[in-house]
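Below is one structure, written out as structure tokens; the observations come after it.
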Amino acid sequence: MFRFDLQHESNGARRGVFHTPRGDVQTPGFMPVGTVGTVKGLTIDQVAATGADMILGNTYHLRLRPGHETVARLGGLHQMCGWDGPILTDSGGFQVFSLGALNKVTEHAATFRSHLDGSKIELTPEHSIEIQQALGSDVAMVLDHVIALPAEQSVVEDALARSIRWAKRCRDAADRPEQALFAIVQGGLDPELRRQCATELAAMPFEGFAVGGLSVGEAPEEMYATTAVTTVHLPVDKPRYLMGVGTPRDLLENIARGIDLFDCVMPTRNGRNALAFTDDGPIKLRNAVHREDTRPIMEDCPCLACRHSRGYVRHLFNANEMLGPILLSHHNLTYYGRLMRQTRQAIEEDRFSAFAAGKLRGWGYEPMDAVA
Ligand SMILES: [Zn+2]
């Protein structure tokens with residue numbers, strides 16, 4: 001029911017299509033994050049108009065509120081939020097990690113306290129799959145043990161070994177052919193641990209593979225290097241997903257290292273904070289320089305914000321009007337969506353390096369070796 005067609009490669013970048021029962025996902029592709037069953041600030045039609053093929057839902061948040069059983073009674077996540085394309089759900093592992101002091105990990109489970117009411121919740125690999133099945137996502141993720149970087153070697157090795165054991169438990173628990181299961185490669189910034197983890201997981205029957213444990217405080221260059229040493233050990237005929245990444249620069253540098261899928265809250269979170277992504281780098285719309293600027297954020301952008309002047313968008317933020325965050329969330333997701341579409345075309349036409357180098361220089365970065 002799931003198949004990945006690798007159609008073309010250009011300078012390490014991959015152009016593909018991930019076929020799912022609910023529709024095709026063009027890759028490289030970006031998945032807008034719908035944490036609690038909504039991409040913040042946008043209607044589902046507005047999300048679709050940004051060019052997204054697949055969106056993401058957060059298992060941890062939906063488990064707590066409204067509760068996975070309630071989502072199931074409301075017809076599942078697709079029915080509930082009105083999105084009929086594919087949906088990927090994470091496993092809850094990253095949220096347990098990001099809640100830091102509230103969690104405890106044993107071989108059996110990750111135990112944490114709800115950030116809503118303090119109640120104690122035990123997340124086993126099996127329970128994570130049960131929740132994702134109740135949500136009805138098209139792609140489920142294995143529960144992994146996420147740690148902060150930098151960390152002691154023994155801590156990294158312990159989390160990696162547990163992540164592999166938990167991946168097996170998730171594989172055994174996942175029994176719905178209409179729901180794909182992606183494994184998550186851990187191993188910190190250590191190339192040998194990444195190789196070991198990728199090799200072990202690649203030998204197991206997963207429909208896709210994620211690179212996890214990045215974007216947790218390491219330098220961009222460390223992230224790119226780790227992606228590169230991981231993807232070489234992953235099957236070429238399965239999609240590769242870099243979790244929780246990132247800036248437009250991160251997207252292109254990691255596509256150059258063989259990544260197909262991304263998700264990140266950055267376009268919407270930054271949009272809510274008056275920051276707009278453009279080909280010339282980010283623009284802060286609260287700045288006084290935009291006060292009487294009649295130009296749109298980007299001349300050729302088809303989004304809802306770029307029908308208006310920068311001066312108007314700035315005014316909306318200054319007046320605390322809810323339309324400001326809505327417009328910039330739409331602009332940023334449209335920007336990411338177009339960036340991915342342009343990237344796919346550049347790969348098809350064998351000019352990915354030149355394309356990526358041009359974009360990176362526009363944002364103020366010198367392209368790294370994989371792109372230059
Ligand atoms: Zn725009």
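Bear in mind the structure is a predicted one, so any value in this text is a computation, not a measurement. Each ligand, and each atom within it, is numbered from 1 in the order the structure gives.
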Distance alone, cut at 3.5 Å: any donor-acceptor contact between the side chains of His127 and Arg63? yes
Close side-chain approach of Val33 to Thr268, heavy-atom, < 4.5 Å: no
Provide the closest heavy-atom pair for Met54 versus Pro32 in the form atom of the first, atom of the second, distance. O-CD, 3.5 Å
Look at Cys303 and state whether any of its N, O or S atoms is less than 2.8 Å from the Zn ion (ligand 1). yes
The Zn ion (ligand 1) as vertex, arms to SG of Cys306 and SG of Cys301: angle to 10°? 110°
side-chain hydrogen bond (donor to acceptor under 3.5 Å, both in side chains) evaluation trace for Gln46 with Thr50: CA-CA 7 Å; Gln46 290 169 338; Thr50 68; over 6 Å; no
Restricting to N/O/S, name the atom of His331 that gets closest to the Zn ion (ligand 1). ND1
